[in-house]
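Note on naming: letters A, B, ... go to the chains in the order of the sequence lines (proteins, then strands), and numbering restarts at 1 for each one.
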There are 2 protein chains.
Amino acid sequence: MSTRETIIQLGDQLIRSKGFNAFSFYDISEKMKIKNASVHYHFPTKTDLGISILEAHRQKLHSLIESTSTKGPVDKLNSFLLIYTTIKSEGHVCLVGSLATDLNTVDLKIANELKTFADEILNWVTTILDEGKTSGVFSFQCSPRTKALMVITNMLAALQLSRLTNEEDFYTIRNEVIKGLKD
Amino acid sequence: MSTRETIIQLGDQLIRSKGFNAFSFYDISEKMKIKNASVHYHFPTKTDLGISILEAHRQKLHSLIESTSTKGPVDKLNSFLLIYTTIKSEGHVCLVGSLATDLNTVDLKIANELKTFADEILNWVTTILDEGKTSGVFSFQCSPRTKALMVITNMLAALQLSRLTNEEDFYTIRNEVIKGLKD
DNA sequence: AAATATAACTACCTATTAGTAGGTAGGCAA
DNA sequence: TTGCCTACCTACTAATAGGTAGTTATATTT
């Protein structure tokens with residue numbers, strides 16, 4: 001992995017474990033055993049790094065959408081839910097949740113990139129649920145977009161709330177989300 | 001309102017609009033037209049202020065639980081949901097959501113107080129849903145506690161996600177939460 | 001071999017942060 | 001009226017932050 005990619009990966013982990021305003025270039029440089037100025041060589045400003053982290057997440061999402069495009073709605077949904085299960089296993093929260101709470105403190109470029117990312121997630125899940133409803137493997141009353149909002153909010157906040165109540169609550173919520181598509 | 005209460009109120013708003021790590025004692029002192037040192041007179045450390053803000057929220061919750069204790073489950077739930085609607089109208093996120101993402105950066109005393117607060121919210125909503133299911137005004141398959149987790153995660157993340165997708169999505173989610181108790 | 005690009009370095013700067021020391025003006029109580 | 005309390009003040013410190021200028025070592029290309 002290139003230095004640039006390592007920085008993005010570490011920055012990503014720091015944002016999702018501590019939040020955008022609680023990590024510094026020094027945190028990254030320390031872990032890589034290079035100097036803070038060397039991180040600035042790759043990413044002149046913290047905003048630049050933030051944008052690149054978001055772009056990496058978007059790229060990963062696009063790859064996942066692509067690689068699951070021939071599968072059925074149930075498989076696609078499982079792929080989506082697996083994202084959160086993986087984040088939970090690392091003890092982090094998701095990027096959207098972390099940055100959404102910091103929205104008023106970040107550069108407009110980051111805010112806009114984040115909005116695009118959130119829209120892409122919402123559109124994908126909406127499509128999955130729409131497909132599943134049409135083919136009969138999912139059943140729900142409201143619109144696919146509304147159901148997608150419900151699923152995403154459940155998963156996003158499950159990561160956050162289960163840090164406080166009980167780690168197991170994450171899986172309780174995840175299972176109930178799945179059940180809620182077969183009512 | 002006393003100086004102390006004003007500081008708590010401003011700190012609370014700052015946490016919920018910018019996050020714990022993005023506000024300073026100067027932000028508060030500036031708005032009150034006093035000096036940063038004067039804020040330290042009331043709250044020696046930022047942790048002290050954080051604890052007091054959490055205690056104020058817990059106190060407010062206890063008052064609400066108390067004042068709605070004689071009402072029915074539907075009224076109680078509406079009181080609960082109104083908390084989030086009010087926060088949304090201010091453009092903020094909720095304290096639990098904001099601090100949950102910062103959990104790894106705050107003093108253990110704050111983390112513990114936050115966990116207590118989250119437990120109290122969860123217990124109250126669980127009780128409301130249990131009452132409602134017993135009396136027949138609410139209908140759902142899973143346990144009251146699990147349903148409470150679903151409702152809370154929907155509302156908590158609705159505040160965060162609707163900052164990114166569409167402000168109206170908050171109300172879409174809120175209405176769907178209500179519908180989801182009458183299935 | 002010389003020129004260039006890459007990726008790191010040392011050594012700074014400026015701003016902000018949390019927090020402290022010590023002082024003061026005014027109210028209240030013995 | 002003496003003395004304490006409250007609530008603020010000025011003035012500071014030590015640490016950390018993001019960021020910059022200029023330098024050097026190592027490859028790669030011409």
Counting heavy atoms from C-beta on, name the nucleotide in D/dC9, C/dC9, C/dT17 closest to the side chain of B/A37.
D/dC9

Report the nucleotide, chosen from D/dA7, D/dA17, C/dA8, that has the shortest atom-to-atom distance to any side-chain atom of A/H42.
C/dA8

Would you say the side-chain atoms of B/N104 pair up with the backbone N or O of A/S17, donor to acceptor, closer than 3.5 Å?
yes

Applying a 4.0 Å non-hydrogen cut-off, can you work out what [X] is touching in the nucleic acid: base, sugar-phosphate, or nothing?
| X | answer |
| --- | --- |
| A/Y41 | base |
| A/S24 | sugar-phosphate |
| A/F43 | nothing |

Whole-Å distance between [N] [atom2] and [X] [atom1]?
| X | N | atom1 | atom2 | value |
| --- | --- | --- | --- | --- |
| B/D27 | C/dA15 | CG | C1' | 14 Å |
| B/K35 | C/dT24 | NZ | C1' | 16 Å |
| B/K46 | C/dA18 | NZ | P | 4 Å |
| B/K33 | D/dC8 | NZ | P | 15 Å |
| B/I28 | C/dT17 | CD1 | C1' | 13 Å |
| A/F25 | C/dC12 | CZ | P | 22 Å |
| B/F20 | C/dT17 | CZ | P | 14 Å |
| B/I34 | C/dT24 | CD1 | P | 20 Å |

When you measure only distances, ignoring hydrogens and angles, does the side chain of A/N36 come within 3.5 Å of the base of D/dG18 through a donor and an acceptor?
no

Any side-chain N or O of [X] less than 4.0 Å from the OP1 or OP2 oxygen of [N]?
| X | N | result |
| --- | --- | --- |
| B/H40 | D/dC8 | no |
| B/S38 | D/dC9 | yes |
| A/T3 | C/dA8 | yes |

With rounding to the nearest 0.5 Å, note down the distance linking CG in A/L77 to CD1 in A/I128.
6.0 Å

How far does CZ of A/R58 sit from CD1 of A/I121, to the nearest 0.5 angstrom?
10.5 Å

Given B/T47 and B/K109, is the side chain to side chain donor-acceptor pair (under 3.5 Å) satisfied, shown in steps?
CA-CA 8 Å; B/T47 295; B/K109 276 182 270 183; over 6 Å; no

Is B/K46 close enough and on-axis enough to B/F20, meaning under 6.0 Å and within 45°, for cation-pi?
yes

